[in-house]
S.K.: 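First the structure, which I've put down as structure tokens, then a few questions once you've had a look.
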Amino acid sequence: QVQLVESGGGLVQAGGSLRLSCAASGSGSSINTMGWYRQAPGKQRELVAVMTSTGRISSADSVKGRFTISRDNAKKTVYLQMNSLKPEDTAVYLCFYYDSSSHWGQGTQVTVSS
């Protein structure tokens, strides 16, 4: 079983920055994918960015050039540096972990005011 603990959400003005962290613990494999999805009210959950343990990244076009995903494999932690935030980035951001099955964090709220 894998547990995910997220931190770093909050309220920020448009143009500001936030950094999210997600630490995994438990019996997960060292070969995995970690990253972030988000869900805004009334909308479907969508990919933000994920990164494999070998460094391959997939990210949404809407965040490219503004958000940067990174990870520390030794700490089993993934980070999301979010710059130039926009009101449309407002959502609950959910940490995602996949090895042989999917695991989700409880989510952290990111609110961007205009």
Side-chain angles (χ1 to χ4, degrees):
Q1 190 71 354
V2 174
Q3 294 80 42
L4 302 173
V5 177
E6 301 140 326
S7 61
L11 172 65
V12 65
Q13 288 189 330
S17 299
L18 285 173
R19 189 190 194 212
L20 306 183
S21 299
C22 175
S25 61
S27 58
S29 169
S30 61
I31 300 173
N32 56 66
T33 296
M34 292 186 72
W36 300 90
Y37 283 70
R38 67 187 181 187
Q39 188 162 18
K43 294 188 177 181
Q44 288 190 331
R45 188 173 296 183
E46 63 176 2
L47 169 73
V48 178
V50 294
M51 187 173 185
T52 70
S53 50
T54 58
R56 189 175 65 193
I57 294 172
S58 297
S59 61
D61 288 342
S62 61
V63 306
K64 287 178 179 176
R66 300 189 299 123
F67 292 9
T68 302
I69 188 170
S70 61
R71 55 185 289 169
D72 183 331
N73 289 335
K75 295 181 178 179
K76 294 185 180 181
T77 300
V78 64
Y79 306 96
L80 186 68
Q81 178 66 43
M82 304 186 292
N83 299 328
S84 302
L85 282 159
K86 304 176 181 180
E88 52 263 44
D89 294 318
T90 295
V92 174
Y93 284 69
L94 299 119
C95 182
F96 170 77
Y97 177 103
Y98 179 84
D99 45 23
S100 58
S101 61
S102 296
H103 303 270
W104 295 92
Q106 292 198 339
T108 185
Q109 178 70 44
V110 171
T111 303
V112 185
S113 63
S114 57

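Computed from a predicted model, the values in this text were never measured in an experiment.
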S.K.: Show me the pairs that pass ring-ring contact (aromatic ring centres under 6.0 Å, His included) and involve residues 7-33, at least two apart or across chains.
M.R.: none

S.K.: With sequence neighbours excluded, tell me which residues meet salt bridge (Lys or Arg N to Asp or Glu O under 4.0 Å) with Lys75.
M.R.: none

S.K.: Among Arg71, Lys76, His103, find the one that has a side chain to side chain donor-acceptor pair (under 3.5 Å) with Asn32.
M.R.: Arg71

S.K.: Please list, chain by chain and in numerical order, all residues satisfying side-chain hydrogen bond (donor to acceptor under 3.5 Å, both in side chains) with Ser114, sequence neighbours excluded.
M.R.: none

S.K.: Applying salt bridge (Lys or Arg N to Asp or Glu O under 4.0 Å), name anything that partners Asp89, two or more places apart in sequence or on another chain.
M.R.: Arg38, Arg66

S.K.: Could you give all pairs that pass the disulfide bond (SG atoms under 2.5 Å apart) test and reach residues 31-73, with sequence neighbours left out?
M.R.: none

S.K.: Looking only at heavy atoms, which two atoms of Gly105 and Leu94 are closest? And how far apart?
M.R.: O-CD2, 3.6 Å

S.K.: At what distance, to the nearest 0.5 angstrom, does OG of Ser53 lie from CG of Asp99?
M.R.: 9.5 Å

S.K.: Are any non-hydrogen side-chain atoms of Val5 and Gln106 less than 4.5 angstrom apart?
M.R.: no

S.K.: Is a donor on one side and an acceptor on the other found under 3.5 Å between the side chain of Gln81 and the backbone of Thr68?
M.R.: no

S.K.: Just jot down the salt bridge (Lys or Arg N to Asp or Glu O under 4.0 Å) partners of Arg45, sequence neighbours excluded, or say none.
M.R.: none

S.K.: Are the side chains of Tyr37 and Val50 in contact, using a 4.5 Å heavy-atom criterion?
M.R.: yes

S.K.: Can you tell me which residue pairs pass the disulfide bond (SG atoms under 2.5 Å apart) test with a partner in residues 74-114, sequence neighbours excluded?
M.R.: Cys22-Cys95

S.K.: Which residues pass the side-chain hydrogen bond (donor to acceptor under 3.5 Å, both in side chains) test with Thr52, sequence neighbours left out?
M.R.: Thr54

S.K.: If hydrophobic residues (ILVMFWY) are linked whenever their side-chain heavy atoms come closer than 4.5 Å, directly or via other members, who joins Val63 in its cluster?
M.R.: Val2, Leu4, Val12, Leu18, Leu20, Met34, Trp36, Val48, Met51, Ile57, Phe67, Ile69, Val78, Leu80, Met82, Leu85, Tyr93, Tyr97, Val110, Val112

S.K.: What are the two closest non-hydrogen atoms of Ser17 and Ser84, and how far apart are they?
M.R.: OG-N, 4.4 Å

S.K.: Of all residues at least two apart in sequence or in a different chain, which pass the side-chain contact (heavy atoms from CB on, under 4.5 Å) check with Gln3?
M.R.: Gln1, Ser25

S.K.: Could you note down all residue pairs passing salt bridge (Lys or Arg N to Asp or Glu O under 4.0 Å) where residues 18-32 supplies at least one of them, sequence neighbours left out?
M.R.: none

S.K.: My understanding is that only residues two or more places apart in sequence, or in another chain, count here; which of them pass side-chain contact (heavy atoms from CB on, under 4.5 Å) with Ser7?
M.R.: Ser21

